[in-house]
Structures are given as C-alpha cells and as structure tokens.
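Here, residue 1 is the first one in the sequence, and each next residue gets the next number.
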Amino acid sequence: MKKKQSIKKNYGQYLPLYNLGQLKSSITPFFGGDIKTDHHHYLLEPTTENDLYANHMSRNIIFTIDDEMYFLNGNTYLQQNDELQVEYDLLYQRVVRSNTLFSIESLSFIPLHDNLELLEVTIKNTSNKNLTLDVITAIPIYARSADNIRDHRHVTSLLNKVEINEQTVLVKPTLSFDERGHHLNHEAYTVSAYSPTTKVNRIITSLEDFIDGGSFNFPKGIYRKDFEPKPGYEVIGAIGFEPFILKPEETATFNISMGIFNQNEDALHIINKYKTKKSVEEAFKHMRNYFEAESSKLSISMVNKDVELLLRWVRFQPVLRRIFGNSYLPHHDYGRGGRGWRDLWQDLLSLILINDESVETLLFNNFQGIRIDGSNATIIGDKPGEFLADRNKIVRVWSDHGAWPLLTTLSYIHSTGHIEFLFKQQTYFHDQFTHYTNKTRDIETSEHILRVHNKPYLGTILEHLLLQNIVAHFNTGKFGFVRLENADWNDGLDMAKNNGETIAFTHFYASNLMKMAEVIEKINRPVRLFKSLYDLIFETIDLKTFFDNVSDFKDTTVEVDATKLSYQLVELYKKRIDHINENAWIKDTHLQSYITDSNVFLDTADTMNLTGQAMALLNETLTMSQAKSVADTTKNYYLIKIMEGII
C-alpha cells in the first residue's frame with residue numbers, strides 16, 4: 001500500500017492516524033494537523049482546512065545551523081527550495097526534506113495501544129563541512145476543549161498548571177471551563193523529547209517566553225535558559241538541547257512524543273517506553289503488522305495497480321469514519337464528534353464483505369435507533385445501541401434516513417444466508433418526540449409508552465424495516481413525491497422544509513418496497529405487525545391517523561399472510577413507479593430530482609441534477625430504454641458543459 005511522491009507545494013493533503021485506544025490525529029507533510037481524543041480533549045489546537053497552510057500552532061522543531069534557523073516544517077525563507085519526498089502507508093507518514101546542507105527524515109505514527117503520537121526525526125549532514133547545531137522542539141500545547149477556541153480562550157489559559165519532569169512538559173489544567181459549566185479536569189497533555197546525541201539544556205513552557213517579543217517565524221527566546229515554568233499561561237513544549245557538531249555524513253536522532261493521558265495512567269512510564277530508537281522501531285513494526293493484517297482481510301485485485309493500491313484502503317474507510325466521525329479531520333470539522341444515522345449502516349458494509357463475526361450484533365443493535373413513528377435518532381452514542389435525538393439538541397428528520405437500513409440488512413443476508421435475522425425481535429427508540437419529530441409529549445409520559453402488558457414492546461427486524469419504508473412512502477408532498485423534510489443526503493438543499501420533495505429518494509423507497517416484497521414472498525411465512533402499521537400498509541388509515549395512533553402507543557399485533565403482504569407492497573411500488581413516469585420526466589430524456597419550497601420543479605430541459613439520475617439507475621426503477629436515455633443525456637450534457645469550460 002506504500003505510496004511515495006515528491007511534493008513541490010503545500011496542497012493541504014493530510015493523513016489520518018489513530019490507534020486502538022482513543023487517540024486520533026491528522027498530519028500533513030508540513031506537520032500541520034492536530035491530536036485529540038474527543039471534542040473536549042485536544043493536545044494540538046483544532047485544525048480546519050485553512051490551518052493546513054499555517055502550522056504555527058502544530059508540530060515543529062527549530063534547527064539553528066551555523067546561526068541560521070531552519071524548521072522541521074520548512075516554513076522559513078531559507079527552505080523554499082528544499083526537496084520534499086513523502087511516503088504514506090497504513091498508518092504512518094515518512095517525510096524526507098533535503099537541501100545542500102542537510103536532510104531531515106521524519107517518521108510519524110501512533111503506537112497501537114498507547115495514547116501518544118511519536119515523531120522520530122533524524123538529521124544528516126549532507127554537506128562537505130562541519131555543521132554546528134542547536135535544536136529545540138516548538139510544539140504549542142492547546143490542552144483543552146475545541147469549544148475554547150472562541151469560548152473562554154484566555155480564561156482557560158489561566159487554569160493551566162505546568163510541570164517539567166525529566167525531558168517532558170506536562171500540562172494539567174485545573175478545570176474544564178466553558179458555558180456548559182466548570183468541571184475538574186482529569187487529563188494531562190504532554191510533549192517529550194530525547195536524543196542519544198546530545199542532552200537537554202533548557203525547557204521553555206510559556207509561549208510568551210518562547211516568542212519573547214519576536215514571532216512564531218522568528219522566536220527570540222529559544223536560546224535562553226533562565227525561564228521557569230509559569231502557571232496560567234498559554235503553553236508550549238519547547239525542549240532545547242546542548243549545541244553539538246555534526247560532521248559530514250553524520251546523523252543525529254530525536255524522539256518526540258505528544259500524548260494525552262487520564263488520571264489513571266502513569267504518563268511518564270508510558271512516555272519512557274519510547275525514548276530509544278529501538279523501542280520506536282519495535283512499536284512501529286507492531287503497529288504496521290496489525291494494520292497490514294487488517295488490510296489483508298479484504299483483497300481486491302485490479303489490472304490498474306494504482307487503482308488496486310487505492311482500493312486497499314477500502315477496508316479502513318468505514319473504520320476511519322467510525323473513529324473520526326464527522327468532526328475530527330480538517331475537511332470534516334462540523335458537529336461535536338460521533339457518527340450519524342447513515343454512518344451506522346454504511347460502516348457495516350466492509351465488515352460484511354470480510355465476514356466479521358461482530359456484524360450481526362452491531363446490525364441488531366442499530367435497529368434500536370428507530371422510533372415507532374418511522375423516524376430515528378440521528379446521533380449515535382459511545383456504547384452499542386446508544387442513541388441521541390440529534391447533535392446540539394436540534395431534532396430533525398432527514399428524508400433519506402429510512403432507506404439505508406434495508407440496503408445493509410439485505411447485504412448481510414445475501415452474504416450469510418441468515419434469513420432468520422429478519423425475525424429477531426428488537427425494541428424501538430423512544431423519547432419525547434412524536435409525529436415524525438414535529439410534536440413533543442411530556443418526557444415522563446414517554447417513559448410509559450411502547451409497553452404492552454407492562455413489558456417493552458418488541459417488533460421484528462422486518463417490522464422495523466417495513467415501518468421506516470412505509471412511513472417514508474406515504475410521507476409525500478403536494479406533487480406526490482417523498483417530502484424532503486430537513487434534506488436528504490444532499491444537505492446543501494436544506495432549505496425546503498415546508499414544501500420540498502425529493503424525487504431522487506422516491507426511487508430509493510420504491511425500490512425498497514419491491515425488495516421487501518420479494519423477500520417476504522420467498523420466506524413464505526406469516527408476518528406479525530403492530531395494528532397501526534398493518535392499517536397504513538393496506539391504506540385503511542392515512543399517515544396523520546397513524547402518527548396520532550402511535551404517539552400514545554397501545555396497539556395490539558396482527559398476523560398477516562406473506563402472499564397478501566407481498567402483493568400489497570408490489571401494488572404500492574407500481575403506483576409509485578407510475579407516478580414517477582407520469583410526473584418526473586423532462587422531455588423523456590432525464591428526470592427531475594427535487595421540488596423547491598416554492599413548489600417549483602428544480603430542473604428544466606437545459607439543467608440536470610445528477611442525484612435523480614443516479615438514484616433511478618442504482619435502484620433499477622427504470623426500463624432499459626429509459627436507463628439508456630438517462631445515461632446518454634447525462635453524458636451529452638456533461639460533454640457540452642466541459643466544452644463550454646463550465647466543468
């Protein structure tokens with residue numbers, strides 16, 4: 001999987017790093033990025049996209065060579081013509097920066113079990129003269145919540161307590177402090193540095209002392225030895241070494257660690273495990289062996305080796321999303337951590353491909369997030385089966401959410417043949433929200449619903465699947481397509497809550513009805529449903545009545561014949577497809593995708609949203625001639641736009 005490349009400019013590329021504990025990082029070839037365990041515990045200042053080009057608050061080492069400053073990150077005027085070679089693999093970054101005087105090789109990775117990022121740096125004299133070096137780390141320690149970027153930034157710096165222990169700067173703020181309240185802090189943030197070549201002769205912990213009236217690019221305090229640790233200041237891990245001579249072809253190595261430790265861990269003991277080159281090499285080998293073994297569980301062979309190399313990351317894509325969620329990478333910097341509803345189902349797809357033993361349990365737990373009204377929790381807690389209404393207590397419904405569980409469940413069944421999974425019984429998620437989250441009830445009242453004979457109501461997995469797809473199917477707008485609600489997966493269209501409709505996901509839900517009909521017909525055994533769902537499927541009640549019924553759930557269950565249920569689902573599918581054919585086509589060439597809040601179809605004969613075309617083709621809701629027409633029109637449309645220079 002190894003990828004090597006020469007870099008001429010900083011394009012903002014970065015690599016995620018993580019381990020089997022809690023630590024997760026992002027790192028660039030210029031050592032930008034951050035290190036954290038969660039939203040409230042960042043070692044390096046949280047990084048957004050623009051920060052990838054300015055590395056002042058990230059990892060750095062300053063090499064003073066014959067009285068000139070050179071930076072590990074190359075951010076000096078002397079280093080603009082440096083050669084930069086970068087090597088990526090699972091899960092490390094190796095960078096070689098070189099010029100006429102020296103080369104610096106660095107290795108960055110996270111040990112498999114310990115919550116610290118390691119940075120091994122080796123500088124080599126490639127000139128024909130002796131070089132006099134002074135080396136000091138320059139790693140600002142943020143040591144608090146991401147909220148504190150703008151919320152109590154200065155006040156939280158006043159809470160910093162700093163210790164120097166051996167060759168380690170240890171920061172332990174007294175409190176976690178923002179508008180949520182004040183809480184005792186139990187985490188320590190550390191930067192350590194060791195070298196077999198030279199000894200530490202100074203440690204600077206105050207950012208103010210480090211800069212000393214200069215700037216990040218020209219710090220003036222880095223050679224002073226008279227600074228003492230100061231509580232209540234912004235902190236930097238500036239660990240300086242005795243000057244030394246580096247002869248031609250000689251090397252000097254520095255082992256840097258950056259860690260986050262809780263009060264139950266012996267931080268110094270863990271740090272000391274990685275003081276030597278040998279210990280770093282062993283940790284690196286152990287980490288590499290683990291991730292190589294994980295990668296080999298899913299092997300994809302291609303004629304094009306570049307594509308094959310890229311596809312070897314497929315095994316880790318769901319894992320990376322589970323670790324980093326929507327919040328912990330520079331281009332995914334929204335929310336406060338955690339995964340969303342779609343992530344739950346899509347993250348299981350690679351586990352299904354490799355027949356992971358945990359899939360069934362994870363899949364089963366996911367269904368606990370579905371409400372009895374067909375909506376679902378949208379944020380996933382830290383424990384299996386733990387759900388929240390939404391991030392930041394903003395409760396919404398995304399119109400596409402109900403479509404994804406069937407896709408993953410059928411993938412699991414096709415892979416394993418475990419059809420009985422559909423008849424396992426699971427509870428429903430319930431809170432104060434009803435009527436597709438458009439109404440609320442008293443929270444105490446909600447604790448008493450969804451109980452039959454004083455026991456939690458249990459529905460089969462098949463019932464959960466039917467519920468979400470049937471409610472979405474009937475939740476239509478003025479033009480008869482699925483209501484957009486607070487948007488589908490194209491969240492850029494989140495401006496049509498009142499009247500918006502998604503034709504794209506109408507295709508998806510229609511296809512799901514047919515798939516469930518086929519499965520039920522093959523199973524050929526009675527299906528038990530709660531009464532209001534049965535009535536909705538067979539159209540003896542409307543959606544409003546259904547919502548009213550389940551808001552104070554007192555339903556009995558009914559048993560329905562498989563053939564009867566399958567036939568009804570097919571009839572609903574046919575009605576939906578007929579409606580699409582009559583109302584969604586533009587001149588028989590391509591399909592509408594959305595209806596706006598102004599009750600207007602979004603596209604014309606000259607415009608096209610890809611979503612509607614893609615969903616129709618992927619869900620096979622078109623005839624062969626219709627599919628060919630859509631494909632040809634899409635190709636021609638984009639060819640024209642390319643020729644016009646628009647794309």
Side-chain angles (χ1 to χ4, degrees), residues 14-19 21-28 31-52 54-60 108 110 114-119 137-162 168-180 182-192 205 207 216 233-238 256-263 265 267 271 320 323-338 382 391:
Y14 56 88
L15 182 75
L17 303 175
Y18 77 96
N19 69 356
Q22 295 178 297
L23 203 67
K24 38 193 169 279
S25 301
S26 57
I27 190 167
T28 78
F31 300 95
D34 53 36
I35 304 172
K36 59 272 174 178
T37 55
D38 56 40
H39 181 79
H40 294 300
H41 301 96
Y42 274 76
L43 170 68
L44 301 181
E45 187 171 291
T47 299
T48 60
E49 180 180 357
N50 289 340
D51 299 318
L52 296 171
N55 304 312
H56 296 147
M57 301 301 289
S58 195
R59 314 159 183 85
N60 200 16
S108 298
I110 298 176
D114 292 325
N115 279 345
L116 73 174
E117 180 183 299
L118 298 181
L119 171 60
T137 62
I139 304 172
I141 304 176
Y142 179 71
R144 47 200 185 272
S145 169
D147 289 342
N148 296 129
I149 287 287
R150 284 286 297 127
D151 183 356
H152 295 78
R153 175 69 185 256
H154 173 62
V155 173
T156 49
S157 71
L158 299 178
L159 301 171
N160 283 336
K161 291 179 64 177
V162 183
T168 298
V169 176
L170 187 148
V171 185
K172 187 175 181 182
T174 56
L175 297 172
S176 173
F177 188 111
D178 57 28
E179 293 296 348
R180 294 174 300 129
H182 312 149
H183 308 280
L184 287 175
N185 171 63
H186 300 294
E187 273 69 34
Y189 305 82
T190 66
V191 170
S192 301
T205 65
L207 192 59
F216 275 107
Y233 282 79
E234 292 283 358
V235 182
I236 189 167
I256 318 299
S257 71
M258 297 154 279
I260 304 176
F261 304 95
N262 63 48
Q263 63 182 352
E265 294 178 295
I271 290 167
L320 290 171
I323 298 295
F324 288 88
N326 303 315
S327 309
Y328 295 126
L329 288 174
H331 289 86
H332 301 270
D333 56 355
Y334 55 93
R336 304 166 67 83
D382 295 328
R391 62 168 53 90

Which of these, [options], sits in a side-chain contact (heavy atoms from CB on, under 4.5 Å) with [X]?
X: I139; options: L43, L119, L44; value: L44
X: T174; options: L159, T156, L158; value: L159
X: Y328; options: I323, D38, T37; value: D38

Is a donor on one side and an acceptor on the other found under 3.5 Å between the side chain of [X] and the backbone of [Y]?
X: K24; Y: Q22; result: yes
X: S26; Y: D34; result: yes
X: N19; Y: G21; result: yes
X: S176; Y: H183; result: no

Hey, is OH on Y233 packed in by over 12 heavy atoms from elsewhere, all under 6.0 Å?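 Count not over threshold, so no.
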Counting only heavy atoms from other residues, nucleotides and ligands, does the tally under 6.0 Å from NE2 of H331 exceed 12?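 Counting neighbours around NE2 of H331, more than 12 heavy atoms of other residues, nucleotides or ligands fall under 6.0 Å, so yes.
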Kindly assign one of parallel, tilted or perpendicular to the pair Y42 and Y142, based on the angle between their ring planes and the thresholds 30° and 60°. perpendicular
Does a donor on one side chain sit under 3.5 Å from an acceptor on the other, for D51 and T48? yes
Between H39 and D147: side-chain donor-acceptor atoms closer than 3.5 Å: yes
With rounding to the nearest 0.5 angstrom, report the CD1 to CG distance, I27 to L15.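 Those atoms lie 8.0 Å apart.
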According to side chain to side chain donor-acceptor pair (under 3.5 Å), who are the partners of Y18, at least two apart in sequence or on a separate chain?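 Partners of Y18 under the side chain to side chain donor-acceptor pair (under 3.5 Å) test: none.
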What residues, two or more places apart in sequence or in another chain, satisfy salt bridge (charged side-chain N to carboxylate O under 4.0 Å, His left out) together with E234?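 Per chain and number, E234 pairs via salt bridge (charged side-chain N to carboxylate O under 4.0 Å, His left out) with R144, R153.
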Tell me the closest heavy-atom pair linking S25 and R59, and the distance in Å.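 Heavy atoms only, the tightest pair is CB-NH2, 3.9 Å.
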